[in-house]
Amino acid sequence: MSGTLRTARWGRYSLRWHPRALAVGTVCTVLALAVAVVAVGSGEYPLPPADVLRTIAGQGHPADAFVVNDIRLPRVVTGLLVGAALGVAGALFQSLTRNPLGSPDVLGFTQGAATGALAVIVLAGGGSLALAGGAALGGLLTGALIYLLAWRQGVHGYRLVLIGIGVMAVLTGVNGYLLTRAQITEAGRAVLWLTGSLDGRGWDSALPLLAVLAALLPLALGGGRALRLLEMGDDAAAALGVRVERLRLTLLAAAVLLTAAAAAAAGPVSFVALTAPQLARRLTRAPGANLLPSLCVGAALLVGADLLAQHAVTGRLLPVGVVTGLLGGAYLVWLLATERRAGRI
């Protein structure tokens, strides 16, 4: 059965996993890496996959090494990390809110990051580093605001969603106002960032996100068992020894940080955080948040969307956010129709 747990023991330690979830994660990881190799080798200076792998291993021609290591690989690695971070963040949000629509896009965190970035661009005229810092700070402040507004002897999932939707509406208006204050060049730069793009991303974008993901992923995985208990309801989880509000605050903070770091690296790429956990759960058919499968699906989705964005229109490079918006919007319509037929909305 897909939901059957397997356990491996080493003395006092044990590891439990779902075989189907492990298989899905493995396949998605291989797919993401394969698409990444193809993406690194595509462009005006094409390279076959074998040459790409040889160059990454340090055995390629100097010209190939410059194209791969300095130009294309940072962009692809940033895409993989952004997709992974959004996949984990979306899985945490959906599990904590117990709502398939619980994602940074719907709850307002993405708009908060956009507000911070727009403030830097329009009001301060800051560069790329300041823009990334503004996006991260905007996302964190929005997360704190939503949590405080949703607090009433605890934070209920549906109340968090409703408050998040309201904050998102307000921030959308603020972002529109900031755009009207911008000069033409600033507005163009802001619109490109708001769409979500990996153009020109270097190692200075990938490495900070890698550090954030490396720090927060063990924290999220460590709360996986308690998170499964929390999905049974606050009272049941508390009766089983889970410190409900402490766990919720910790994992919400981790999800907000991951969302803010992803937005700082690539802009507010839409719908990946919504779609990846849903696809992971449908593929694994396993209970719980499916954090690792969501990570792998998110990475595969984003790097695949970026490859499609580079080749969908001949002679033009689309921002990756355009592709994820189109695909994710279609998925959202399908999800809402499915939920309605099931009588859940």
Side-chain angles (χ1 to χ4, degrees), residues 27-87 127-129 131-132 135 185 188-210 213 261-272 275-276 295-328:
V27 170
C28 288
T29 299
V30 172
L31 178 62
L33 293 177
V35 174
V37 170
V38 172
V40 171
S42 63
E44 295 183 0
Y45 185 80
L47 292 169
D51 288 350
V52 171
L53 295 174
R54 189 179 302 112
T55 302
I56 293 176
Q59 301 176 354
H61 189 274
D64 296 348
F66 172 74
V67 171
V68 170
N69 297 326
D70 296 339
I71 298 178
R72 295 178 182 170
L73 189 60
R75 173 187 180 129
V76 171
V77 171
T78 301
L80 288 170
L81 294 174
V82 168
L86 291 177
S128 299
L129 184 60
L131 187 151
T185 54
R189 180 185 174 201
V191 169
L192 178 61
W193 187 88
L194 287 172
T195 305
S197 175
L198 293 172
D199 291 343
R201 296 305 186 267
W203 292 114
D204 57 338
S205 298
L207 294 180
L209 180 55
L210 177 61
L213 193 60
V269 180
S270 60
F271 286 114
V272 174
T275 307
L295 180 152
C296 300
V297 172
L301 278 177
L302 192 56
V303 75
D306 188 47
L307 181 61
L308 181 60
Q310 294 181 59
H311 299 284
V313 179
T314 304
R316 297 199 64 178
L317 299 179
L318 297 176
V320 67
V322 171
V323 176
T324 60
L326 291 172
L327 297 178

If I compare all heavy atoms of [X] with all of [Y], which pair ends up nearest, and what's the gap?
X	Y	value
Cys28	Ala300	O-CB, 3.9 Å
Ala84	Leu213	CB-CD2, 4.0 Å
Val52	Gly41	CG2-CA, 3.7 Å
Pro74	Thr78	O-OG1, 2.7 Å
Leu307	Ser42	CD1-OG, 3.8 Å
Ala32	Val303	O-CG1, 3.8 Å

Short side-chain to backbone donor-acceptor contact, [X] and [Y], under 3.5 Å:
X	Y	answer
Arg54	His61	no
Ser197	Trp193	no
Thr324	Ser270	yes

Problem set entry | Atom pair CG (Leu327) and OG1 (Thr275), whose distance is rounded to the nearest 0.5 Å |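 The OG1 atom of Thr275 is 8.5 Å from CG of Leu327, to the nearest 0.5 Å.
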Problem set entry | Spacing of CG belonging to Asp51 relative to CG belonging to Asp64, to within rounding of 0.5 Å |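 One gets 6.0 Å once the value is rounded to the nearest 0.5 Å.
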For this session: Test side chain to side chain contact (heavy atoms under 4.5 Å, CB included) on Val77 and Trp203 and set out the steps.
Result: CA-CA 9 Å; Val77 171; Trp203 292 114; 4.0 Å; yes
Exercise. Yes or no on side chain to side chain contact (heavy atoms under 4.5 Å, CB included) for Leu302 and Val320, after CA distance, side-chain angles and deciding distance?
Worked result: CA-CA 8 Å; Leu302 192 56; Val320 67; 3.7 Å; yes
Exercise. What residue among Thr195, Leu198, Val191, Leu194 forms side-chain contact (heavy atoms from CB on, under 4.5 Å) with Pro319?
Worked result: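 The side-chain contact (heavy atoms from CB on, under 4.5 Å) with Pro319 is passed solely by Thr195 among Thr195, Leu198, Val191, Leu194.
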Problem set entry | Test item: Val37 and Leu53 side chains (from C-beta on) under 4.5 Å apart, heavy atoms |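 Val37 vs Leu53: side chains touch.
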Exercise. Which salt bridge (charged side-chain N to carboxylate O under 4.0 Å, His left out) pairs, counting each pair once, include a residue from residues 190-203, with sequence neighbours left out?
Worked result: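 Non-adjacent pairs meeting salt bridge (charged side-chain N to carboxylate O under 4.0 Å, His left out): Arg75-Asp199.
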